Amino acid sequence: MFQGTIPGPMRSIVRETASLWPSGPVYVPCCGNFTIERSLAGMGFGPHSSDVSIYTSAVGRWLTRQPVGIQLREESADELGWLADSLDDGVGTVATLMLGTRFLASVGREGLWHERVVRSYREQWKAKHAETVDRLSGSDVDLASYEVEDVRSWLQKVPGDAPVCSFPPFYGGGYEKLYEPLEAHFTWDAPHYEPLSDDDVVSVLGAITDRPYWLTASNHSVPELRPYLRGVIKATPRAAPFYVYASEARTRIVGPRQPIDPVKIPRLREGEELVGPLSLSLLKPGQFNALRSRYLNPRIAPGAANLAVAVRDGGGRVLGVFAMAPSTFTPDEAYVLSDFAVAPTDYPRLSKLIVMAAMSAETQLLCQRAFSRRIRRVATTAFSNNPVSMKYRGLLRLNKRSPSNEDGWKYQLQYQGAIGQHSLAEALQVWAKRWGAPTTKTGV
């Protein structure tokens, strides 16, 4: 219900560590989305929390039965006047802000996608708001107190022998950027403070640890706290690691885990001839994970696929796999998360056939059924040490070339193209003529 960026395993670690602390007050600066407070529920602690963001302060004040004190800005009344009746200085205001984090960033922005988002929330507002109020009313989070105050000054008031548990902002200006749309449309008695820099985060961590019971975490490794490192959490392959430090706790390592299911379908091998016609077979997530782990470059971090498909030849053998997901910002576009060919085979450019199959009319129909929307284009990202990807060259249009944000690659290449312009049969025919020549091997 509450938003946040703390991985789920942290709640278990917090609860396990806090079981070693004496019951009574616990102090939680930078409480964010109240992950810690929710983790401590029912353990006999009385959480005292503080923060400075508009979102957290609205929730914290409501949980401690204080007036929320947040109103719609006058300059936003024309666009968002339909929210006014939902602002009751209590749970209604909190529900409004929670829903606002999902659509306010699209208010006033051009583009069909942004217009559709705002229109959808406006048309469904009463039902969505009522549902959120009901969910909030059932919250079991219990705070002893909440204050709107900067962490640096608030920590000075915390008793020296009281447990402190906190996850400070993990990057400079994090709160400000996250809740910028809320600040743009709502006014409140915001505190004056300087945003935490990376150096400030380290200083705050030092203040937290100067006591007998404490727990904190950061996505930066803190050399000074190395003796207190109790865990490393990497919830997904693409997630940044969390380093958990505590005065006393069990050591834990949390890594990503993906289900693997056996794939009993035969695959094209060396010495075997590829024959038509091509066909598509849907894969279960575990089967896709198994094939991806076997054939995809291990330096490419895996992602979750909405639609995973195996490409098979006329002999029923798997030639390769592609995976799709609906585009986040373009309604009629499907994003190709992965595409790869099986190996080794006698066809060095087999991967081009997999791309062509992903662009076929048959794939377009599968995407439209899976995503419940019209799909007219596909897009993908390639990481390469060359300025172009030979796999996509001649099939998709290179839209953007930029420095790679992934280690081990020089370029990040953005490709896009039409889908549904050819059938699987036509794809095989074109591929066989242009790229389908097998490798010729000569004996000694």
Side-chain angles (χ1 to χ4, degrees), residues 237-238 268 274 278 280 288 291-311 318-330 332-364 367 375-424 426-440:
R238 294 182 178 274
L268 186 68
L274 190 159
L278 298 184
L280 304 178
F288 170 65
L291 291 170
R292 177 179 58 190
S293 299
R294 174 67 179 85
Y295 297 110
L296 190 65
N297 190 317
R299 289 191 294 170
I300 300 176
N306 296 66
L307 177 68
V309 181
V311 182
V318 175
L319 307 179
V321 174
F322 61 84
M324 303 281 211
S327 174
T328 303
F329 299 107
T330 308
D332 64 346
E333 184 177 87
Y335 187 80
V336 183
L337 292 166
S338 301
D339 62 271
F340 52 88
V342 300
T345 70
D346 292 342
Y347 300 91
R349 296 188 176 181
L350 182 58
S351 59
K352 278 187 172 289
L353 181 58
I354 307 307
V355 176
M356 296 179 74
M359 300 168 62
S360 68
E362 290 87 341
T363 297
Q364 181 184 36
C367 287
I375 299 296
R376 299 180 176 87
R377 293 180 294 177
V378 293
T380 192
T381 303
F383 294 93
S384 175
N385 290 320
N386 300 313
V388 296
S389 169
M390 296 307 296
K391 177 170 63 172
Y392 299 122
R393 186 176 182 179
L395 300 177
L396 296 174
R397 181 179 67 257
L398 178 61
N399 279 351
K400 183 179 180 181
R401 181 189 299 114
S402 58
S404 173
N405 58 8
E406 298 278 351
D407 294 337
W409 306 105
K410 187 175 180 180
Y411 298 105
Q412 181 171 324
L413 310 171
Q414 306 289 342
Y415 283 90
Q416 188 180 61
I419 190 174
Q421 301 299 303
H422 59 254
S423 66
L424 286 173
E426 292 168 338
L428 179 59
Q429 183 180 17
V430 172
W431 175 83
K433 182 178 181 179
R434 298 185 60 181
W435 302 294
T439 302
T440 302

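Predicted model only: the values in this text are computed from it and were never measured.
Between Gln364 and Ile375, the closest heavy-atom pair is NE2-O, 2.8 Å. Closest non-hydrogen pair, Arg349 versus Trp431, comes out as O-NE1, 2.9 Å. The minimum heavy-atom distance between Ala358 and Val378, with the atom names listed, is O-CG1, 4.3 Å. The two residues Val342 and Thr345 have their closest heavy-atom pair at O-CG2, 3.7 Å. Nearest heavy atom pair, residue Tyr295 against residue Ala341, reads CB-O, 3.9 Å. Closest of all the heavy-atom pairs between Leu424 and Ser360 is CD2-OG, 3.6 Å.
Looking at Tyr347 and Leu268, their side chains come closer than 4.5 Å, going by heavy atoms from C-beta outward. Contact of the Phe340 side chain with the Val321 side chain is registered, since non-hydrogen atoms from C-beta on lie closer than 4.5 Å. Side-chain contact between Val430 and Arg434 is present, with heavy atoms from C-beta onward closer than 4.5 Å. Taking the side chain as every heavy atom from C-beta outward, Asp339 and Ser351 never approach each other to under 4.5 Å.
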| request: Report the C-alpha separation of Gln414 and Thr381 in whole Å, then their side-chain angles, then the decisive distance to 0.1 Å, and conclude whether the side-chain hydrogen bond (donor to acceptor under 3.5 Å, both in side chains) test is met. | output: CA-CA 5 Å; Gln414 306 289 342; Thr381 303; 2.9 Å; yes
| query | Passes side chain to side chain contact (heavy atoms under 4.5 Å, CB included), Thr363 versus Ile419? Steps please. | reply | CA-CA 8 Å; Thr363 297; Ile419 190 174; 4.2 Å; yes
**Message:** One pair to check against side chain to side chain contact (heavy atoms under 4.5 Å, CB included): Val355 and Phe322. What are the steps and the verdict?
**Reply:** CA-CA 8 Å; Val355 176; Phe322 61 84; over 6 Å; no
Test side chain to side chain contact (heavy atoms under 4.5 Å, CB included) applied to Asp332 and Arg377, step by step: CA-CA 7 Å; Asp332 64 346; Arg377 293 180 294 177; 3.4 Å; yes
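The NZ atom of Lys400 sits 15.0 Å away from the OH atom of Tyr411 when rounded to the nearest 0.5 Å. With rounding to the nearest 0.5 Å, the separation of CE in Met324 from OG in Ser338 is 11.0 Å. With values rounded to the nearest 0.5 angstrom, Trp435 atom CH2 is found 13.0 Å from Leu350 atom CG. In this structure, the separation between CG on Leu353 and CG on Leu278 is 5.5 Å, given to the nearest 0.5 Å. Distance CZ/Arg376 to OG1/Thr330: 12.0 Å, rounded to 0.5 Å. The CG atom of Leu274 sits 10.5 Å away from atom CG of Asp346, with the distance rounded to the nearest 0.5 Å.
Remark: side-chain polar atoms of Lys352 are paired, donor with acceptor, to backbone N or O of Arg393 under 3.5 angstrom. Judged purely by atom type and a 3.5 angstrom limit, His422 has no side-chain atom pairing as donor or acceptor with the backbone of Leu428. Under a 3.5 Å cut-off, the side chain of Glu362 and the backbone N or O of Leu280 do not form any donor-acceptor pair. At distances below 3.5 Å, at least one donor-acceptor pair connects side-chain atoms of Thr380 with backbone N or O atoms of Val336. Side-chain atoms of Arg401 come within 3.5 Å of backbone atoms of Pro387 as a donor-acceptor pair (strictly under, hydrogens ignored).
Defined by atom type and a distance below 3.5 Å, a donor-acceptor pair is missing between the side-chain atoms of Gln421 and Glu426.
Residues satisfying the side chain to side chain contact (heavy atoms under 4.5 Å, CB included) criterion with Ser389, sequence neighbours excluded, are Ala382, Lys391, Tyr392, Leu413, Tyr415.
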